[in-house]
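Here the structure is laid out as structure tokens; the discussion comes afterwards.
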Amino acid sequence: MDDEFQPYGNESDVIRVGGLEIENRLDRLVLTGDLVLSRDRAGLALARELHALLGCAITTLESDPALPERIEILPARVVPNPFA
């Protein structure tokens, strides 16, 4: 895992683990794509990378004393293109 990636730390970081893309947000992590964990050293390396990322996310969540039961995720909204 990228040492600079801090789960829930900003609205801009995106990292990849294999074909899985992890998008950082202040209130959630968004995982999209595919990750194949083959039974070989390459699969082991990817599994360890994903494990480190999830461990960091869990630590961040567990350390928040004000962690809500559930957040409201608002649907995306379309805004006018400011460059049009």
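Fair warning: this is a prediction, and the values are worked out from it, not measured in the lab. Computed over heavy atoms, backbone and side chain alike; hydrogens, waters and symmetry mates excluded.
Going from atom SG of Cys56 over to atom CG of Leu29 covers 9.5 Å, rounded to the nearest 0.5 Å. Put simply, CG on Asp27 and CD on Glu72 are 10.5 Å apart, with the number rounded to the nearest 0.5 Å. The structure places CD of Glu23 at 12.0 Å from CD1 of Ile15, a figure rounded to the nearest 0.5 Å. In this structure, CG in Leu50 is found 8.5 Å from CG in Leu46, a value given to the nearest 0.5 Å.
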Donor-acceptor contacts, no H, no angles, side chain residues 32-40, under 3.5 Å, sequence neighbours left out:
unit_1, atom_1, unit_2, atom_2, d
Ser38, OG, Asp40, OD1, 2.6
Ser38, OG, Asp40, OD2, 3.2
Asp40, OD1, Ala42, N, 3.3
Asp40, OD1, Gly43, N, 2.7

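Between Arg16 and Glu49, the closest heavy-atom pair is O-OE2, 3.6 Å. Residue Asn10 comes nearest to Ser12 through the heavy atom pair OD1-N, 2.9 Å, listed as atom of the first residue, atom of the second, then distance.
Side-chain contact check for Leu26 versus Tyr8: every heavy-atom pair is 4.5 Å or farther apart. Using a 4.5 Å heavy-atom threshold, the side chains of Glu62 and Thr60 count as separate.
Between the side chain of Asn24 and the main chain of Gln6, a donor-acceptor pair closer than 3.5 Å is present.
Hydrophobic clustering (ILVMFWY, side-chain heavy atoms < 4.5 Å, transitive): Val30 and Leu61 are in distinct clusters. Leu31 and Val14 sit in two unconnected hydrophobic clusters of ILVMFWY residues. Membership requires side-chain heavy atoms under 4.5 Å apart, directly or through other members.
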Test log, rule side-chain contact (heavy atoms from CB on, under 4.5 Å), inputs Ile71 and Ile73: CA-CA 6 Å; Ile71 64 167; Ile73 297 178; 3.9 Å; yes

